[in-house]
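Keep in mind that the numbers below use all heavy atoms, side chains included, and drop hydrogens, waters and symmetry copies.
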Amino acid sequence: MSSTRKPKLFIQKSDLVKILHLDSNHPLLLEQLQKNSFINHEDYTSPKEKIEQIIDQYHGIVIRSRFKIDSQFIDAAPNLKFIARVGAGLESIDIPYAEKRGITLFSAPEGNRNAVGEHALAMLLSLFNKLNKANSEVHNGQWNREDNRGIELDGKIVALIGYGNMGKAFAKKLKGFDCEVLCYDLIEGVGDENAKQVSLEEIQEKADVLSLHTPWTPLTDKMVNTKFIEAFSKPFWLINTARGKSVVTKDLVSAIKKGSVLGAGLDVLEYEKSSFESLFSSDELPKPLQELLLLNNVILSPHIAGWTVESKEKLAQVIVDKILQKFR
């Protein structure tokens with residue numbers, strides 16, 4: 001009498017689990033996985049098309065943002081059981097299709113939330129105290145004290161859109177500044193002792209500072225545009241350490257020139273490539289970006305808010321822990 005063996009829903013730790021690493025990360029990631037009997041292969045340079053030819057050999061992949069994991073890639077990987085992104089978001093992955101295929105998705109927002117919170121605070125304080133402008137002037141031999149008189153965070157209303165790992169980390173940093181912190185999120189009941197959850201309308205009525213902590217989704221794409229800005233009852237400062245495509249650069253520049261936005265700290269830009277590793281493909285700067293670069297009340301950084309020495313290690317550790325937990 002023959003019997004039908006049921007297929008495994010997930011490979012066990014005792015099996016030879018092969019993982020393809022597509023981006024370099026902290027060495028502990030490879031070391032700890034190897035110590036736990038996983039087989040690691042590395043390929044940090046081959047194009048997506050070449051990876052698709054060999055991906056059927058692997059049970060898992062570890063990636064940052066080198067290329068998109070789309071349905072074509074997933075179809076080429078019949079044995080794939082998990083995708084681990086060493087970063088906060090999963091927008092470079094076709095999430096519905098991966099989940100339909102039973103692939104587990106890992107990300108690591110816990111690993112760089114503190115770094116993002118500190119970077120957002122640094123940008124805000126630099127803007128308030130005109131440090132970027134003052135530093136440039138002193139280097140050029142100018143000593144303009146009155147023109148660089150700053151303002152204080154004490155007593156201001158700071159509003160956060162998105163109150164997950166990153167938003168909560170920033171709110172925690174703000175707690176010692178005697179400012180009021182409001183948050184808006186699609187998920188109800190996420191407010192805590194560091195931020196009061198309110199409606200978007202209340203944020204637009206009260207905010208002195210707006211900080212974005214949202215993933216890139218159809219709802220947040222081009223969210224900060226002229227209509228959105230004009231709904232605020234008073235001029236405000238903008239901080240964006242989330243995703244560049246959430247802010248329409250042309251509309252932001254116009255608002256800064258009009259005075260409806262007082263200044264901006266931008267770690268991310270609309271024109272970034274999806275890999276985040278470079279700004280854009282064209283040699284010619286888009287006109288809105290050219291205008292943005294001329295504004296002395298704008299501080300820019302190259303998508304490094306979560307990019308600290310400490311966060312590199314924390315991100316890798318979070319991913320290792322999640323993989324090991326899945327295989328126990």
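You'll find the side chain of Val248 stays beyond 4.5 Å of the side chain of Thr226, heavy atoms only. Looking only at side-chain heavy atoms (C-beta outward), Glu152 and Asn129 stay at 4.5 Å or farther from each other. Counting only heavy atoms from C-beta outward, the side chains of Ile83 and Ile93 approach each other to under 4.5 Å. Between Leu200 and Ile161, the closest side-chain pair of non-hydrogen atoms falls below 4.5 Å. No side-chain heavy atom of Tyr58 sits less than 4.5 Å from a side-chain heavy atom of Asn79. Side-chain atoms of Ile74 and Ile69, non-hydrogen and from C-beta on, do get closer than 4.5 Å to each other. Side-chain atoms of Ile304 and His119, non-hydrogen and from C-beta on, do get closer than 4.5 Å to each other. Put simply, the side chain of Thr249 reaches to within 4.5 Å of the side chain of Tyr271, judged on heavy atoms.
Nearest heavy atom pair, residue Leu289 against residue Leu269, reads CD1-CD1, 4.1 Å. Contact record, Cys183 with Gly191: SG-CA, 4.2 Å, taken as the closest heavy-atom pair. Residues Cys179 and Leu153 approach most closely at CB-O, 3.5 Å, considering heavy atoms. Across Val268 and His303, no two heavy atoms sit closer than the pair CG1-ND1, 3.4 Å. Annotation for Ile55 and Ala76: closest pair CG2-O, 3.1 Å, computed over non-hydrogen atoms. Residues Leu160 and Gly167 come closest through the heavy atom pair CD1-O, 3.4 Å.
A distance of 10.0 Å separates NZ of Lys196 from CD1 of Ile157, quoted to the nearest 0.5 Å. Between the CG atom of Leu238 and the CG atom of Asn240 there is a distance of 6.0 Å, given to the nearest 0.5 Å. Interatomic distance, CG of Asn297 versus CG of Asn132, reported as 10.0 Å (0.5 Å rounding).
We find that Arg101 and Asp75 are joined by a salt bridge, their nearest charged nitrogen and carboxylate oxygen being less than 4.0 Å apart. Note on Asp221 versus Arg243: no salt bridge recorded, every NZ/NE/NH1/NH2 to OD/OE distance being 4.0 Å or above. Taking a cutoff of 4.0 Å between a charged side-chain nitrogen and a carboxylate oxygen, Lys35 and Glu31 do not qualify as a salt bridge. Electrostatic pairing of Asp251 and Lys227 does not count as a salt bridge here, judged by no charged N lying under 4.0 Å from a carboxylate O.
If you check the side chains of Ser65 and Arg85, you find a donor sitting under 3.5 Å from an acceptor. Between the side chains of Asp321 and Gln325, not a single donor N or O lies within less than 3.5 Å of an accepting N or O. Side-chain atoms of Asp43 and His21 form no donor-acceptor pair, as typed in the model, at a separation below 3.5 Å. Residues Glu188 and Gln197 bring no donor and acceptor atom of their side chains to less than 3.5 Å of each other. Checking Lys133 against Asn148 by side-chain atom types alone, a donor-acceptor pair falls below 3.5 Å. Between the side chains of Glu99 and Tyr97, no donor N or O sits under 3.5 Å from an acceptor N or O. Glu137 and Asn144 share a side-chain donor-acceptor pair at under 3.5 Å. Counted by atom type alone, Ser301 and Asp267 present one or more donor-acceptor pairs between their side chains at under 3.5 Å. A donor atom on one side chain and an acceptor atom on the other are found under 3.5 Å apart for Asn135 and His139. Defined by atom type and a distance below 3.5 Å, a donor-acceptor pair is present between the side-chain atoms of Lys173 and Asn114.
In this structure, Lys322 is not positioned above the aromatic face of Phe106 in the sense of NZ or CZ being under 6.0 Å from the six-membered ring centre and within 45° of the axis.
Counting only distance, with no hydrogens or angles, the side chain of Asp192 and the backbone of Ala195 share a donor-acceptor pair below 3.5 Å. Put simply, the side chain of Gln290 gets close to the backbone of Leu285: a donor and an acceptor are under 3.5 Å apart. Proximity of a side-chain donor or acceptor of Lys156 to a complementary backbone N or O of Val181 within less than 3.5 Å is not detected. Remark: the backbone N or O of Pro109 is not paired with any side-chain donor or acceptor of Asn165 at under 3.5 angstrom. Using a distance-only test at 3.5 Å, with no hydrogens or angles considered, no donor-acceptor pair links the side chain of Ser254 to the main chain of Lys250. Judged by distance alone, the side chain of Ser260 and the main-chain N or O of Ala255 form a donor-acceptor pair under 3.5 Å. In this structure, the side chain of Asn194 does not engage the main chain of Ala171 through any donor-acceptor pair within 3.5 Å. Remark: the backbone N or O of Met223 is not paired with any side-chain donor or acceptor of Lys245 at under 3.5 angstrom. The main-chain N or O of Asn112 is never found under 3.5 Å from a side-chain atom of Ser311 such that the two would form a donor-acceptor pair.
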For this session: Evaluate the criterion side-chain contact (heavy atoms from CB on, under 4.5 Å) for residue pair Asn36 and Ile323; output intermediate values, then yes/no.
Result: CA-CA 11 Å; Asn36 283 272; Ile323 292 173; over 6 Å; no
Exercise. What's the verdict on side-chain contact (heavy atoms from CB on, under 4.5 Å) for Asn25 and Leu315, showing C-alpha distance, side-chain angles and the deciding distance?
Worked result: CA-CA 9 Å; Asn25 290 290; Leu315 285 164; over 6 Å; no
For this session: Walk me through it: do Ile61 and Leu80 pass the test side-chain contact (heavy atoms from CB on, under 4.5 Å)?
Result: CA-CA 8 Å; Ile61 59 174; Leu80 200 61; 4.0 Å; yes
Exercise. Does the side-chain contact (heavy atoms from CB on, under 4.5 Å) test come out yes or no for Leu30 and Glu42, once each step is laid out?
Worked result: CA-CA 10 Å; Leu30 288 165; Glu42 302 163 73; 3.6 Å; yes
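Taking the six-membered ring for Trp and the full ring otherwise, the centers of Tyr163 and Tyr184 sit at least 6.0 Å from each other.
By the 6.0 Å contact criterion, CD on Gln142 is enclosed, its count of non-hydrogen atoms from other residues, nucleotides or ligands being greater than 12. Heavy-atom contacts from other residues, nucleotides or ligands closer than 6.0 Å to CG of Leu294 number more than 12. Counting non-hydrogen atoms of other residues, nucleotides and ligands closer than 6.0 Å to NZ of Lys234 gives a total above 12. For Glu202, the CD atom sits in a packed shell: over 12 heavy atoms of surrounding residues, nucleotides or ligands are nearer than 6.0 Å.
Listed by first and then second residue, the ring pair (Phe, Tyr, Trp, His ring centres under 6.0 Å) pairs that reach into residues 217-261 are Phe128-Trp237, Phe228-Phe232, Phe232-Phe236, sequence neighbours excluded.
Ring pair Phe67/Phe73 is tilted by interplanar angle, where 30° to 60° counts as tilted.
Put simply, Leu131 and Ile256 are part of two different groups of oily side chains (I, L, V, M, F, W, Y) that touch within less than 4.5 Å, one to the next. Hydrophobic clustering of Ile, Leu, Val, Met, Phe, Trp and Tyr side chains at less than 4.5 Å, counting indirect connections, keeps Val318 apart from Leu29. Linking ILVMFWY residues whenever their side-chain heavy atoms come closer than 4.5 Å, directly or via other members, places Ile299 and Leu174 in the same cluster. Under the 4.5 Å side-chain contact rule for hydrophobic residues, Ile203 and Leu124 do not share a cluster. Under the 4.5 Å side-chain heavy-atom criterion for Ile, Leu, Val, Met, Phe, Trp and Tyr, Met166 and Val190 are members of distinct hydrophobic clusters.
Residues satisfying the salt bridge (Lys or Arg N to Asp or Glu O under 4.0 Å) criterion with Glu270, sequence neighbours excluded, are absent altogether. Applying the ring pair (Phe, Tyr, Trp, His ring centres under 6.0 Å) criterion to His213, with sequence neighbours excluded, gives Phe170.
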